[in-house]
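Numbering of residues begins at 1 and proceeds along the displayed sequence. In each ligand, atom 1 is the first atom listed, and ligand 1 is the first ligand listed. FYI, side chains are in, hydrogens and waters are out, and symmetry mates aren't considered; it's all heavy atoms of this structure.
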Amino acid sequence: MMTVLTNLSDLRAWLTVKRRRTSWHDWQWQVRNSLEADDLSRLGLISAAAARAARRFPARVTPYYFDLADPVDPNDPILRQCLPDAAELRNGAGQADPFSEARHTPVPGVVQRFPDRVLVHASAFCATNCRHCTRRHMLGRQPIVLPGMRLARVVAFVRASPRVREVILSGGDPLLLSDAALLRLVRAFAALPQLDAIRIGTRVPVVLPMRVTPALARALGQIGRVWVNTQFNHVCEITPEAAAACRRLVEAGVPVSNQSVLLRGVNDSVEALTVLCAGLQRIRVRPYYVFVCDPVTGTGHFRTSRSFARTLARGVATRLGGLAVPRFVVDLPGAPGKVDV
Ligand SMILES: *Cc1c(COP(=O)(O)O)cnc(C)c1O
């Protein structure tokens, strides 16, 4: 945050002023003015222990996303996802890299666990760091495919693997790259006729919807094989701005789907998931997966059991039509794909 604020009422006043400025709608302004651990400490939003947790995994929240929260409600679903928590320091059964992604890296920046799909680390940064992040141990430091030399190696690897028919750009968040860098990357893969889809995994529509500019949406749509997979976890994230970002993509010809993470205290009820999925259908975003939270170090306080997830899955399926019902899945090392709960 560029301005130094020391109490919540000053923060509220600052947000009220900034929300009305055109710069609020400038995604780079949002990134430059993100709240970090020092800001959150100074504002009294996190304890000293939580600030220590943020030394292990940095805190970062866009003003836009923070503005959706009620900062005095400790159970607020937005704050639960973005404020560091002392519980992250507890030694749970978690691991830094439960899926041994490092072992499944044929060339730097690539993870391949399935024969027909490869995941590419396109960016090392996110607009808002999710406290439940699966790749929290590598955010900010993993090898990414840009710049050029590395990208050429990744493209060569995919070309030499004719069974690969889908590339998943992930990270970090690929939409934090500039338009030029992102489009260079997407077009490099789109030039391979073997690929049926280029999937972009991004939380930008949820935490930084102004990043999905009309020009970017149009350019992605013109490529013809781009899909976007985003992550709404709670219905309060479906704001007019987020809905508009998804609409720009859908109307440009980019299918948008959603994978949620099942998070204790955020969305762990049939009611919360039903209204979330109904809300997604209303904005033409297809509910794809609900993930059981991965066993990653520092996320134990979010995790629920597989049998509880199964109960929720049954409840949601009786309340919504099939088009609004996601698959409830768990990621298991060694499985041939995501596994139904
Ligand atoms: C989850 C995952 C995918 C994508 O799986 P889908 O079931 O197609 O969504 C691809 N690669 C890796 C390494 C993954 O972890």
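Given atom 2 (C) of ligand 1, the protein heavy atom at minimum distance is Lys338 NZ, 2.6 Å. Among protein heavy atoms, atom 5 (O) of ligand 1 sits closest to Arg117 NH1, 3.1 Å. Atom 7 (O) of ligand 1 has its closest protein heavy atom at Tyr289 OH, 2.6 Å. Closest to atom 9 (O) of ligand 1 among all protein heavy atoms lies Tyr288 OH, 2.6 Å.
Using a 4.0 Å cut-off between charged nitrogen and carboxylate oxygen, Glu88 and Arg56 do not count as a salt-bridge pair. Using a 4.0 Å cut-off between a side-chain N of Lys or Arg and a carboxylate O of Asp or Glu, Asp85 and Arg131 do not qualify as a salt bridge. Looking at Asp179 and Arg211, a side-chain N of the basic residue comes within less than 4.0 Å of a carboxylate O on the acidic one, giving a salt bridge. Look at Asp331 and Lys338 and you find a salt bridge, because one of the NZ, NE, NH1 or NH2 atoms lies within 4.0 Å of a carboxylate O, short of that distance.
The heavy atom nearest to atom 10 (C) of ligand 1, out of those in Val167, Leu119, Ile168, is found in Ile168.
Residue contact check: Phe114 has heavy atoms under 4.0 Å from atoms 2 (C), 3 (C), 10 (C), 11 (N), 12 (C), 14 (C) of ligand 1. Counting atoms of ligand 1 from 1 in the listed order, those under 4.0 Å from a heavy atom of Val111 are 13 (C).
Note: Trp29 and Trp24 have tilted aromatic rings, judged against thresholds of 30 and 60 degrees for the angle between ring planes.
In this structure a side-chain-to-backbone donor-acceptor pair under 3.5 Å is missing from Asn233 to Asn267.
At least one heavy atom of Arg199 sits less than 4.0 Å from an atom of ligand 1.
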